[in-house]
S.K.: 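Here it is, the structure, as structure tokens.
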Number of protein chains: 2
Amino acid sequence: MKNQTSTPSLSATLADTIRADIVEGRLLVGDRLPSEAELAEQHGVSRATVREALKRLAAQSLIRTERGAFGGAFVNHLSYEEARAQQVTTSTLLLGMNAISFQVACEARYALERSCTSLAAERRTDALLDTMRKEIETQSAPDLSDEAFCASDVAFHRALVDCAGNEVLSYHLAGSVEAMQPLMNMITFTARSRAEIIDLHRAIVSGLERRDVASVDRALATLEAYTITLGQSVLKARATR
Amino acid sequence: MKNQTSTPSLSATLADTIRADIVEGRLLVGDRLPSEAELAEQHGVSRATVREALKRLAAQSLIRTERGAFGGAFVNHLSYEEARAQQVTTSTLLLGMNAISFQVACEARYALERSCTSLAAERRTDALLDTMRKEIETQSAPDLSDEAFCASDVAFHRALVDCAGNEVLSYHLAGSVEAMQPLMNMITFTARSRAEIIDLHRAIVSGLERRDVASVDRALATLEAYTITLGQSVLKARATR
DNA sequence: GACGCCATGAATGTCAGACAATTAAATGTC
DNA sequence: GACATTTAATTGTCTGACATTCATGGCGTC
């Protein structure tokens, strides 16, 4: 009996009702909800309560509100971008709040990422390979900040997962990769380690080019092991400090 | 000029401010936010506006509110369960709203799920194998409804991903598997197809038992192909109707 | 008739003030 | 010390008002 929630608030209940209407298809994308005043009357609550319920739904991108005449609350079309942004927020918080070891997080991330190698090798396009090559160039700049290096790293891996040519897969993988970024940002990348990583990135691109699944997979495995090593040395440095 | 967002509402801005405080670590888990009245004064807005902002954050499970003296809004500890529930809501909506072909969704789901096979074979426990066996028994009941069959299927696959012994991986995979459930529910499972699926489930368990990665992987691949076939025949049946 | 301007009305966004409900802590009582 | 009562702080809800936004339609001018 962890969560009694003795008296769930009216605004929460109303939000749940409307959410169910949307998720279960009784309200379709683009549909306009009744006005706040109408909802208030229909459910026997005040307008303030209705508004709190609507704000809850808006926070989950389930609805969007427009002002002015013929404005109101509309069932939102959830785009991949919005969905991914939400997933990243949630996952980032989850990772940050649960004392998760760097190793476990890394293991999960690379396990997930490797799930796209076979499709990626099969379907990779020249455009995406070019994107990856450009990111490698960016990463090679000697005066690049650690943050910029990480950002380019994320962009590289996003291009990699996009190679699989499956939007749904890209959505899930990009979310999990991005959620790792704050953890990755703890690492200070020396020139030595950057060179190592860039070499592996090159191996990945070259593997995709030759549609050589095994070599891409091997490069990712090596990258995982290397990243974990880096993470552990950071942790050791902190512990002795 | 699709989204000007000319005047973001005060409650949205305030929510963003507090969200940043949480995500960027200025507010830690368990911290208590100032009372609504104090927040209203601090930010020069009314209490109603503050409340709308707080409801937005509560909808994302970033905070939780308690009533009574010494109650208030507290930075929430995001559990795996809450995080997964949110991810499922988002992903389910994304799949439902974007005219995604069953095949693409299925391909993504199984690609992701197969990312845990190697770890699962290595780390599977007897307890989890037992869970999987029990679900297989449930699925074998001849008078089982389609919904119950699907639910047991989800439970089976959740146990499978849990075998990998990595919480983070389980969180991501369970989310993507569950999000597929509404799509799976469209399928009517004949006795013939249930038998086929159960056989493959048995193959998975037996493969894990023997720590035979390749055979688990093969069973999942077959399951993917078979599920896609089933999905397509449903679509054809609908088209000719 | 065509064009631009403005009033109108409907809706959301915000505010102020009040009261109800809840709950932990302080206080009183035995 | 154990138990009942009061108290104060805080969220939850309601009411009524006003501000702001914006599509529509009417009006006047050319």
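So that the names make sense, note that chain A is the first sequence line, chain B the second, and so on, each numbered from 1.
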S.K.: Strictly below 4.0 Å: does R51(B) bring a side-chain N or O up to OP1 or OP2 of dG12(D)?
M.R.: yes
S.K.: Can you check whether Q86(A)'s main-chain N or O pairs, donor with acceptor, with T90(A)'s side chain at less than 3.5 Å?
M.R.: yes
S.K.: Would you say L112(B) and L169(A) make side-chain contact, with heavy atoms under 4.5 Å?
M.R.: yes
S.K.: Out of dT13(D), dG13(C), dA9(D), which nucleotide sits closest to the side chain of S9(A)?
M.R.: dT13(D)
S.K.: Among the candidates dG13(C), dC15(C), dT13(D), find the nucleotide nearest to the side-chain atoms of T49(B).
M.R.: dC15(C)
S.K.: Taking CZ from F70(B) and C1' from dT11(D), how many angstroms apart are they, rounded to a whole number?
M.R.: 15 Å
S.K.: Does atom CZ of F70(A) have more than 12 heavy-atom neighbours, drawn from other residues, nucleotides or ligands, at distances under 6.0 Å?
M.R.: no
S.K.: Rounding to a whole Å, what distance do you find between R56(B):CZ and dT14(C):P?
M.R.: 9 Å
S.K.: Could you tell me how far apart K55(A) (NZ) and dT13(D) (P) are, to the nearest whole angstrom?
M.R.: 16 Å
S.K.: Could you check how far NE2 of H43(A) sits from P of dC14(D), rounded to whole Å?
M.R.: 13 Å
S.K.: Rounded off to whole Å, could you give me the CG-to-C1' distance for the L14(B) and dG13(C) pair?
M.R.: 14 Å
S.K.: State which of dT14(C), dT23(C), dT13(D) makes the closest approach to the side chain of E52(A).
M.R.: dT13(D)
S.K.: Strictly below 4.0 Å: does R32(B) bring a side-chain N or O up to OP1 or OP2 of dT10(D)?
M.R.: yes
S.K.: Any donor and acceptor pair, going by atom type alone, linking the side chain of T49(B) with main-chain N or O of V45(B) inside 3.5 Å?
M.R.: no
S.K.: What is the distance, to the nearest angstrom, from the CD atom on E36(A) to the C1' atom on dG13(C)?
M.R.: 8 Å
S.K.: Quick one, R114(B) and S115(A) - any side-chain contact, counting heavy atoms below 4.5 Å?
M.R.: no
S.K.: May I have the distance from L39(A) (atom CG) to dC14(D) (atom P), rounded to whole angstrom?
M.R.: 13 Å
S.K.: Closer than 4.0 Å, any side-chain N/O of T65(A) to the OP1 or OP2 of dG13(C)?
M.R.: yes
S.K.: With 3.5 Å as the limit, what N/O pairs link the protein to nucleotides 15-20 of chain D?
M.R.:
from, atom 1, to, atom 2, distance (Å)
dT20(D), O2, R67(A), NH2, 3.0

S.K.: Tell me which one of E178(B), E135(B), M132(B), H201(B) satisfies side-chain contact (heavy atoms from CB on, under 4.5 Å) with H157(B).
M.R.: H201(B)
S.K.: Quickly work out the E66(B) CD to dA25(C) C1' distance and round it to whole Å.
M.R.: 15 Å
S.K.: Find out whether N76(A) and E82(A) are in side-chain contact, i.e. whether some heavy atom of one side chain is under 4.5 Å from a heavy atom of the other.
M.R.: yes
